[in-house]
Amino acid sequence: MRLAAELVSKGATMLAEPCPKDGGIQVRYRGKVYCTSHDDLSSITEGSAVSYDAVVAQMREVILARLNETTAALGTERDPAKQDQLVSLASKYFELLQKLPRK
Ligand SMILES: [Zn+2]
């Protein structure tokens, strides 16, 4: 319970439903659900140190989503000037994706 309170002070939200595995208190933090009894919460409780891997993973996700949107927009765009913009944008996203380190 103290742990849950600490997590909440770091911006986590306590969930109403208990953990389906062990009935522990669950919290949602940065879009992920953690159980305060069986999950490893050290990454949360150790403060807000940003990990390089986490940023890269996040970046890959965001760029992929944007690239997907840009490609979809290109598929329906009739105006050549706007197509040009979209192609240049997609090309930048693609370049950036390839620069990201692979796991
Ligand atoms: Zn649990």
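Under a 3.5 Å cut-off, the side chain of T70 and the backbone N or O of R66 do form a donor-acceptor pair.
V62 and V55 are not part of a single hydrophobic cluster, where members link through side-chain heavy atoms under 4.5 Å apart.
Nearest heavy-atom pair, L67 versus A90, reported as atom, atom and distance to 0.1 Å: CD1-O, 3.5 Å. Nearest heavy-atom pair across Y29 and K10 is CE1-O, 3.3 Å. Of all non-hydrogen atoms in T36 and L7, the two that sit nearest each other are CG2-CD1, 3.9 Å.
Taken to the nearest 0.5 Å, the CZ atom of R60 stands 10.5 Å off from the CG atom of L96. Remark: D84 CG to L89 CG distance equals 11.0 Å, nearest 0.5 Å. To the nearest 0.5 Å, atoms CZ (F94) and CD1 (I63) are separated by 11.5 Å. One finds the CG atom of L97 at 5.0 Å from the CG atom of L64 (value rounded to the nearest 0.5 Å).
Between K92 and E95 there is no salt bridge, since none of the side-chain N atoms of the basic residue sits less than 4.0 Å from a carboxylate O of the acidic one.
Judged as a side chain to side chain contact (heavy atoms under 4.5 Å, CB included), and not counting sequence neighbours, the contacts of E77 are D79, K82, Q83, L86. Not a single side chain to side chain donor-acceptor pair (under 3.5 Å) links R28 to another residue, sequence neighbours left out.
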Please tabulate, for the side chains in residues 17-25, all donor-acceptor contacts under 3.5 angstrom to protein atoms that are two or more places apart in sequence or on a different chain.
{"residue": "D22", "atom": "OD1", "partner": "G24", "partner atom": "N", "Å": "3.0"}
{"residue": "D22", "atom": "OD2", "partner": "H38", "partner atom": "ND1", "Å": "3.2"}

* For V33 and L15, run side-chain contact (heavy atoms from CB on, under 4.5 Å): C-alpha distance rounded to whole Å, both residues' side-chain angles, the deciding distance at 0.1 Å, then the answer. => CA-CA 9 Å; V33 173; L15 300 183; 3.7 Å; yes
